[in-house]
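Written below as structure tokens is the structure these notes are about.
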Amino acid sequence: QGHHVTANHVFMSTIGHILTHFAPELNAYASWGKVHHRGRVTVAGAVLVDGKDLTTVKIKDADKKSVLELSKEMNDQVELRRKGRDEKGMSNRNSLSKIPWPMRRWTFRSLRWLVYEAGFKFKGIGLSRDLFGSVLISNIGALGLEYGFPALMPASNLSFVMCIGR
């Protein structure tokens, strides 16, 4: 039985190995003026599910997996998303829309400070310092784009965001 392997899978596996063997200093985040090394390499991939819903799939310990293992795990997670059964942290992503508009900015900044600066974990709603992993890779080439300028969302705590064009 074959595996469905895309450029995104290859780049995610490659970046996972690079973060372990060649650039471990990129597998870190800053908090209170100090740099903290992450205990594991988690690579996130932005995925368009059913052509309408952009979501993130995280592959934990991506540095220890082959491209085939990573692609199988990622494809399995995407299939769960299609069926509506995804990770708790990602399933709560629409919770912000339930907060009244004038309170969103204050709520978001408060939660960000509590999680990333003070180190609190809110497991009940899926918030932790590694919610998005070490890095995010997005295959914008699948949308027909040749290049793009990814936004590095400060609350994501990512080292970098990489876009793969056509």
Side-chain angles (χ1 to χ4, degrees), residues 1-49 53-83 85-93 112 115-123 125-143 145-166:
Q1 187 174 62
H3 291 277
H4 177 71
V5 177
T6 66
N8 215 23
H9 298 133
V10 173
F11 276 98
M12 287 175 71
S13 178
T14 303
I15 292 295
H17 292 312
I18 288 171
L19 287 176
T20 298
H21 302 291
F22 301 104
E25 60 275 6
L26 289 177
N27 191 28
Y29 63 91
S31 177
W32 291 95
K34 294 182 181 177
V35 176
H36 302 276
H37 188 267
R38 296 178 194 272
R40 66 191 325 177
V41 175
T42 302
V43 179
V47 179
L48 194 61
V49 178
D53 184 28
L54 187 62
T55 189
T56 306
V57 173
K58 291 189 314 183
I59 305 297
K60 295 176 182 168
D61 298 319
D63 58 322
K64 298 175 182 151
K65 296 177 180 159
S66 69
V67 175
L68 293 177
E69 291 170 325
L70 189 142
S71 69
K72 181 180 181 340
E73 184 176 335
M74 189 166 175
N75 292 338
D76 291 346
Q77 286 188 38
V78 168
E79 192 57 37
L80 286 175
R81 299 278 163 83
R82 283 193 178 110
K83 294 177 181 176
R85 297 188 317 257
D86 57 358
E87 293 179 38
K88 188 170 186 109
M90 294 302 166
S91 66
N92 289 327
R93 67 179 184 254
R112 185 197 184 286
V115 171
Y116 294 118
E117 300 299 331
F120 287 100
K121 292 180 182 175
F122 295 97
K123 291 185 179 183
I125 57 174
L127 290 179
S128 70
R129 287 184 177 167
D130 282 329
L131 179 62
F132 293 96
S134 306
V135 298
L136 174 70
I137 299 176
S138 178
N139 185 0
I140 61 172
L143 301 172
L145 302 172
E146 292 182 20
Y147 59 89
F149 299 98
L152 184 58
M153 184 175 80
S156 67
N157 226 18
L158 294 166
S159 297
F160 64 93
V161 177
M162 179 177 160
C163 286
I164 306 166
R166 246 176 10 137

- Message: If the condition is salt bridge (charged side-chain N to carboxylate O under 4.0 Å, His left out), which residues does D61 pass it with, not counting sequence neighbours?
- Response: R40, K64
- Where at least one partner belongs to residues 12-26, residue pairs that pass salt bridge (Lys or Arg N to Asp or Glu O under 4.0 Å), sequence neighbours excluded: none
- Message: Suppose we screen for ring-ring contact (aromatic ring centres under 6.0 Å, His included). Which residues come up paired with Y29, at least two apart in sequence or across chains?
- Response: H36
- Query: Given T6 and M74, is the side-chain contact (heavy atoms from CB on, under 4.5 Å) satisfied, shown in steps?
  - Reply: CA-CA 11 Å; T6 66; M74 189 166 175; over 6 Å; no
- Message: Donor-acceptor pair, distance only, cut-off 3.5 Å: does the side chain of N8 make one with the backbone of G45?
- Response: no
- Item | Straight-line distance of N27 CG to I18 CD1, nearest 0.5 Å | 12.5 Å
- What distance do I15 atom CD1 and L26 atom CG have between them, rounded to the nearest 0.5 Å? 9.0 Å
- Item | Heavy-atom side-chain proximity of I59 to Q77 below 4.5 angstrom | yes
- So, for F160 and L19, which heavy atoms are closest and what is the spacing to 0.1 Å? CE2-CD2, 4.4 Å
- Message: Measuring from atom CD1 of I164 to atom CZ of F11, what distance do you get when rounded to the nearest 0.5 angstrom?
- Response: 5.0 Å
- E79 and K83: side-chain contact (heavy atoms from CB on, under 4.5 Å), yes or no, with the steps? CA-CA 6 Å; E79 192 57 37; K83 294 177 181 176; 3.6 Å; yes
- Item | salt bridge (charged side-chain N to carboxylate O under 4.0 Å, His left out) partners of E146, counting only residues at least two apart | R166
- Taking only residues two or more places apart in sequence, or in another chain, which ones meet V5 in a side-chain contact (heavy atoms from CB on, under 4.5 Å)? H3, H9, V10, V67, L68, S71
- Item | Residues in side chain to side chain donor-acceptor pair (under 3.5 Å) contact with S13, at least two apart in sequence or another chain | none
- First locate atom CG of N75, then atom CG of L80, and finally report the distance between them rounded to the nearest 0.5 Å. 11.5 Å
